[in-house]
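To start, the structure under review is shown below, and the notes come after it.
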Amino acid sequence: MYRTHTCGELRMADVGKDVTLSGWVQISRDMGGLTFVDLRDRYGITQLVFDMEANAALCETARKLGREFVVTASGKVNERSSKNPNRDTGDIEIIVDALEVLNAAKTPPFTIEEDTDGGDDIRMQYRYLDLRRGPLQKNIIFRSKLAIETRKYLDENGFIEVETPCLIKSTPEGARDFVVPSRMNPGQFYALPQSPQTFKQILMVAGYDKYFQIVKCFRDEDLRADRQPEFTQIDCEMAFVTRDQVLATFEGLTKHVFKTLKNIELADFPKMEYDEAMQRYGSDKPDVRFDMEFVEMNAFAQGKGFSVFDNSELVVGICAKGIADKYSNKDMKLLTEWMQRPQIGAKGLVYVKFMEDGSIKSTVGKFFDDETLRSWASHFGAEKGDVIFALSGEVDKTRKQLNELRLEMGTRLGLRDNTVFAPLWVINFPLLEWDEESERFHAMHHPFTAPKKVDEQKMLSGDHETLKNLKADAYDLVINGVEIGGGSIRIHDRELQSKNFDLLGFTKEEAEAQFGFLLGAFEYGAPPHGGIAFGFDRLCAVLNGVNSIRDFIAFPKNNQGRDMMIDAPSPVDNEQLDELNLALNLKENV
Ligand code: ASP
């Protein structure tokens, strides 16, 4: 028998028992007459003691144990004379009388402790060692629990889990597809799904009513800390539902997982119109843990001779509390430069400091006297010690830039507390986005999203300007400035769907070739339906107050999309290419 107990289990009540433990050697310490070994498994660490006097040979063996050796030890549970209050098992130790080395181990390339000295690359390459560390184990176990609680909730609410295929058809649904060559169909390719969108809609046509799936999705996009080429969604669809029923169901799911996994009771989620979110926060995923809301300044800052403001579509600002005296000219210069980096691209940054001594320092003193600037303060609710920051330019760009500044100031002022959770629904997104470059509309959510009922007619017959302003029955769940998920009520009428494809620039033939199956299905009794998908990895991260999703994925890819452990992607040999009918193509392309 390898073990009677785990390494995290034994307590004072077990003193005197004969036990057997198995695990990995965390550390072996030779203290002369006694040798102490910390034995670790995923449940905890238990101290083993070897006594030279009682059994010299055994003690010798123990002294030679290297880090990460796998051993089985048997002995008696003993009360420790010096207890370790930081460990659950810290009151006891095992006086070992038998030890078996099950497997030796090379010295690991980094320390396997709470905090490791290993860099990212080496930890990715030896992922199995990194995964032995407490923090990662905690995350992976958390993920498992989140999946189980999600299934429980959805099952209790009548959802059916259905698997949809991984080898599907390539469609231009937003991101780039990963494609897979088909050996049996020379020259043809499958694509890995960006989401099971069309399949779940087909399931509604098929009468399945409430579908869910915890499912891998694949998008060939540039990567960031919160993006992976393959990621997991909690994907759902419901038939015969209104938007508010969908929202209520998934608000319920969110509350359920916060309650069961974090013991946090979330209050009801507010709903905010997309337009309002953009106006108040410059973002469709506002972090509403803190205020610092936008104040539009056109009415009182234009027409005073400051041409930068006068020639702008929008002048808008925020008020940062209590930093006027703390931020030197140099700090302001650095902040301005930060705003001017290409990632943000602001032309400049106007500020007005209301100093504690009542004086005012500003970059626009030439154009606005103190009295005028004081009147600005009343619009912003600014007091002594506060700073107003203002940007101006085209509406969308300026809002986006100010959003970056707002988030940065929120972080600097410690207003983005990771233990506070502020969820909200953002609703009524635009249906279509006009892209100047390609001179065509893109679907803001995806091509299957329905317009708001009141906009249906306008969609069928409206002119360009009208089309730009159509609203979709689409919604996102946002928590702490992170988009947790999004969805929409779908089009379920063939005509309207065809019209949407048409607006998105598909010819009839293209629409038929790519989505004929869905259009066809809509002719055989498609019920009204709608759904949503949550980013599962992101939900894990947000629930734990962190940004990176990587630590919640057992085997993630790095920023180049590589799996460092198995070293993928990798070349395949010519024979394999030949079989896939790709060798010839490659040669032709050279
Ligand atoms: N399929 C959508 C997505 O992946 C979600 C949805 O509309 O249900 O974003």
Side-chain angles (χ1 to χ4, degrees), residues 150 154 159-166 168-178 191-205 208-221 226-239 241-251 253-254 274 284-285 425-433 442-452 471-478 482-492 497 500 504 514-515 518 526-539 549:
T150 300
L154 291 171
F159 284 77
I160 302 165
E161 186 163 16
V162 183
E163 287 172 273
T164 54
C166 268
I168 66 166
K169 184 172 164 136
S170 185
T171 55
E173 199 198 308
R176 230 171 274 116
D177 279 331
F178 282 100
L192 304 181
Q194 293 183 31
S195 82
Q197 185 61 36
T198 49
F199 287 96
K200 64 176 174 175
Q201 291 191 239
I202 294 278
L203 284 170
M204 294 305 106
V205 180
Y208 283 74
D209 196 54
K210 284 177 172 180
Y211 140 94
F212 88 99
Q213 184 179 193
I214 297 183
V215 62
K216 271 288 174 71
C217 302
F218 306 85
R219 293 180 194 174
D220 189 2
E221 294 175 305
D226 63 345
R227 261 202 208 150
Q228 283 277 309
E230 52 178 304
F231 59 97
T232 305
Q233 284 189 341
I234 306 171
D235 190 48
C236 305
E237 197 74 7
M238 304 164 83
V241 279
T242 61
R243 177 197 72 194
D244 285 345
Q245 285 171 313
V246 178
L247 299 195
T249 306
F250 292 95
E251 187 166 323
L253 169 63
T254 311
Y274 168 89
D284 58 3
K285 39 177 191 287
W425 292 106
V426 177
I427 56 170
N428 299 345
F429 280 74
L431 184 71
L432 303 166
E433 243 179 334
H442 290 282
M444 184 111 173
H445 185 49
H446 54 53
F448 315 104
T449 293
K452 300 284 298 177
K471 285 281 185 278
D473 217 345
Y475 34 77
D476 276 357
L477 174 63
V478 177
V482 179
E483 180 194 327
I484 295 297
S488 57
I489 297 297
R490 326 295 185 186
I491 298 171
H492 65 280
Q497 187 64 65
N500 207 21
L504 296 172
Q514 283 170 19
F515 298 111
L518 187 69
H529 59 286
I532 194 165
F534 280 3
F536 184 68
D537 316 280
R538 267 193 209 167
L539 187 58
I549 62 172

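It should be emphasised that the depicted structure is a prediction, and the values quoted were computed from it without experimental measurement. As the structure lists them, so they are numbered: ligands from 1, and atoms in each ligand from 1.
Of all atoms in ligand 1, listed by their number and element, those nearer than 4.0 Å to a heavy atom of Ile532 are 8 (O). Taking a cut-off of under 4.0 Å to the non-hydrogen atoms of Arg490, the atoms of ligand 1 that pass are 6 (C), 7 (O), 8 (O). For ligand 1, the atoms sitting less than 4.0 Å from at least one non-hydrogen atom of Ser195 are 1 (N), 4 (O), numbered in the order shown with element in parentheses. In the vicinity of Gly487, heavy-atom distances shorter than 4.0 Å reach the ligand 1 atoms 6 (C), 7 (O). Counting the atoms of ligand 1 from 1 in the order shown, those under 4.0 Å from a heavy atom of Lys200 are 6 (C), 8 (O).
Using a 4.5 Å heavy-atom cutoff, the side chains of Glu221 and Arg176 are not in contact. Between Ser488 and Phe429, every side-chain heavy-atom pair lies at or beyond the 4.5 Å cut-off. Side-chain contact between Leu192 and Asp177: absent, with no pair of heavy atoms (C-beta onward) separated by less than 4.5 Å. Between Glu237 and Tyr208, every side-chain heavy-atom pair lies at or beyond the 4.5 Å cut-off.
Only the side chain of Gln233 comes within 4.0 Å of ligand 1, counting heavy atoms alone; its backbone N, CA, C and O stay farther away. Contacts of Ala533 with ligand 1, taken as heavy-atom pairs under 4.0 Å, involve both backbone and side chain.
Distance check, rounded to the nearest 0.5 Å: CD of Gln228 to NZ of Lys216 gives 9.5 Å.
For a threshold of 3.5 Å applied to N or O pairs, the pair formed by Glu237 and ligand 1 contains no separation below that value. For ligand 1, the polar-atom distance check against Ser488 finds no nitrogen or oxygen pair separated by under 3.5 Å.
A donor-acceptor pair is defined here as one N or O able to donate and one able to accept, closer than 3.5 Å; such a pair exists between the side chain of Gln213 and the backbone of Val162. In this structure a side-chain-to-backbone donor-acceptor pair under 3.5 Å is missing from Tyr211 to Phe159. With hydrogens and angles ignored, the 3.5 Å screen pairs a side-chain donor or acceptor of Asp537 with a backbone N or O of Thr232.
Ligand 1 has Arg219 within reach: a non-hydrogen atom of the residue lies less than 4.0 Å from it. At least one heavy atom of His445 sits closer than 4.0 Å to an atom of ligand 1.
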